[in-house]
Amino acid sequence: MSQKLSDLLLALERDAVLETVKGRLGTNEDPLRVLEDCRSGMTLVGERFQRGDFFLAELILSAEIFKDAAAIIEPRLSRARADHSRGRVLVGTLMGDIHDLGKNILITLLRAHGFEVKDLGVDVPPSVAVEKVKESKAHFVGFSALITTAFPNMKQAVTLLQEAGLRGRVKVMIGGGVTTPEVRDYVGADFQTTDAMEGVAYCLKTTGGK
Ligand code: B12
């Protein structure tokens, strides 16, 4: 039997990962399941890093492999787009955090479901994010976080939104591997998830779609 995708990623076997991804997509498997298996591999990589068995070099390499795999999967995630925008969404990773793989997946999925999305990038100061919300009249703003030190910056962004009188008109979502419902409450966000599709479902539900 062929090796599991998550284990191949953990073994940093780039060619085997990409072949397996292509092979599974070739059998018309749900691309979201293939993507989820790649993400599980990244979680395993993270655990090894935490135990001190992997170093930064392995983390970087795993991210490169994940990016290549995602580039193969992403076109399959796109459905026919709606002929009008379902709503405007800003998505970014706040100051102190440069992780962007999950953020980029969320953006792909939101666009595939007809949302107009602006990518704020990574390491974004909370004040800049709030300024962009003001300019764009966004309906949703999504903050992605993979390191816990980014939590106070998410909280600050929400405080700044309140101070600018914008909090009532924009829904705040947070996501990323280290977020939890407790972090949502600490930050003062409306919604939290560690699954990009749940984020899309939240936006669809809020805007009256399905
Ligand atoms: C890849 C990786 C890196 C890469 C990032 C490359 C890149 N371009 O993003 C590199 C090598 C650069 C890196 C650097 C570092 N990393 Co790192 N990294 C990881 C790793 C292995 C995988 C993260 C990942 O991309 N997962 C795959 C994606 C697809 O999953 P995801 O982000 O969860 O996204 C999904 C959902 O959560 C959701 N989603 C994501 N965001 C959002 C937002 C919204 C609004 C919504 C709705 C949904 C949503 O959508 C995605 C699909 O469903 C994790 C381990 C882990 N357990 O996650 C460590 C990890 C996050 N890193 C960690 C650390 C410590 C670091 C460094 C500090 C290491 C160092 N000593 O320098 C630096 C930090 C630099 C910085 N200032 O940000 C720690 C964080 C610990 C903590 N508790 O804070 C982790 C948890 C590893 C560990 N166990 O120790 N890292």
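Start at 1 and go down the list; that is how both ligands and their atoms are numbered.
For atom 6 (C) of ligand 1, the nearest protein heavy atom (residue, atom name, distance) is A63 CB, 3.7 Å. For atom 25 (O) of ligand 1, the closest heavy atom belonging to the protein is L101 CD1, 3.3 Å. Considering only non-hydrogen protein atoms, atom 65 (C) of ligand 1 sits nearest to F49 CE2, 4.1 Å. Atom 58 (O) of ligand 1 has L146 CD1, 3.7 Å as its closest protein atom, hydrogens excluded (heavy atom only). Among all protein heavy atoms, the one lying closest to atom 36 (C) of ligand 1 is T194 O, 3.2 Å. Summary of contacts: the protein heavy atom closest to atom 1 (C) of ligand 1 is M42 CE, 3.5 Å. Given atom 51 (C) of ligand 1, the protein heavy atom at minimum distance is G102 CA, 3.7 Å. L56 CD1, 3.9 Å is the protein heavy atom nearest to atom 70 (C) of ligand 1.
Close approach of ligand 1 to D97 is summarised as follows: ligand atoms under 4.0 Å from at least one heavy atom of the residue are 78 (O). Heavy-atom contacts of F143 reach the following atoms of ligand 1: 43 (C), 45 (C) (cutoff under 4.0 Å). Less than 4.0 angstrom separates some heavy atom of I147 from each of these atoms of ligand 1: 76 (C), 77 (N), 78 (O), 80 (C), 84 (O).
In the displayed structure, K155 atom NZ is contacted under 6.0 Å by more than 12 heavy atoms of other residues, nucleotides or ligands.
Note: an N/O pair closer than 3.5 Å links G177 and ligand 1 by distance alone. At a 3.5 angstrom cut-off on N or O pairs, G176 counts as close to ligand 1. Any N or O atom pair closer than 3.5 Å counts here, and S144 shares at least one such pair with ligand 1. At under 3.5 Å, a nitrogen or oxygen of T148, whether backbone or side chain, sits near a nitrogen or oxygen of ligand 1. Polar contact check, A196 against ligand 1: a nitrogen or oxygen pair lies under 3.5 Å apart. Taking any N or O of G46, backbone or side chain, at least one lies under 3.5 Å from an N or O belonging to ligand 1. Inclusion of D100 in the set of residues having an N or O under 3.5 Å from an N or O of ligand 1 is warranted. In terms of polar-atom proximity, defined here as any N/O pair under 3.5 Å, R39 does make such a contact with ligand 1. The shortest N/O to N/O separation between G96 and ligand 1 falls below 3.5 Å.
In this structure, the separation between CD on Q192 and CE on M173 is 12.0 Å, given to the nearest 0.5 Å. With rounding to the nearest 0.5 angstrom, the CG atom of D195 is 8.0 Å from the CG atom of L32.
The closest approach between any non-hydrogen atom of F191 and ligand 1 is not below 4.0 Å.
Using modelled atom types and a 3.5 Å distance limit, the side chains of E29 and T27 yield no donor-acceptor pair.
Under the 4.0 Å distance rule, the nearest protein heavy atom to atom 10 (C) of ligand 1 falls outside the cut-off. Atom 68 (C) of ligand 1 is never approached by the protein to below 4.0 angstrom, counting heavy atoms only. Within the 4.0 angstrom cut-off, atom 3 (C) of ligand 1 has one or more protein heavy-atom neighbours. Distance check for atom 85 (C) of ligand 1: every protein heavy atom is found at 4.0 Å or beyond.
For the side-chain hydrogen bond (donor to acceptor under 3.5 Å, both in side chains) criterion with D190, the lone passing option out of R184, K171, R167 is R167. Here the rule is side-chain contact (heavy atoms from CB on, under 4.5 Å) with V158, and of I174, V172, V170, V130 only V172 fits it.
V187 and V91 end up in different hydrophobic clusters when Ile, Leu, Val, Met, Phe, Trp and Tyr side chains are linked at under 4.5 Å.
Looking at L106 against ligand 1, only its side chain comes within 4.0 Å, counting heavy atoms.
Nearest heavy atom pair, residue S144 against residue T93, reads O-CG2, 3.4 Å. Across E116 and S85, no two heavy atoms sit closer than the pair OE1-OG, 3.4 Å.
Between F191 and Y202, the ring planes are parallel. Angles under 30° get that label, and only those over 60° would be called perpendicular.
Closest heavy-atom approach to atom 60 (C) of ligand 1 among the candidates R51, E47, H99, Q50: H99. Between atom 75 (C) of ligand 1 and the options V89, V122, I98, the minimum heavy-atom separation is to I98.
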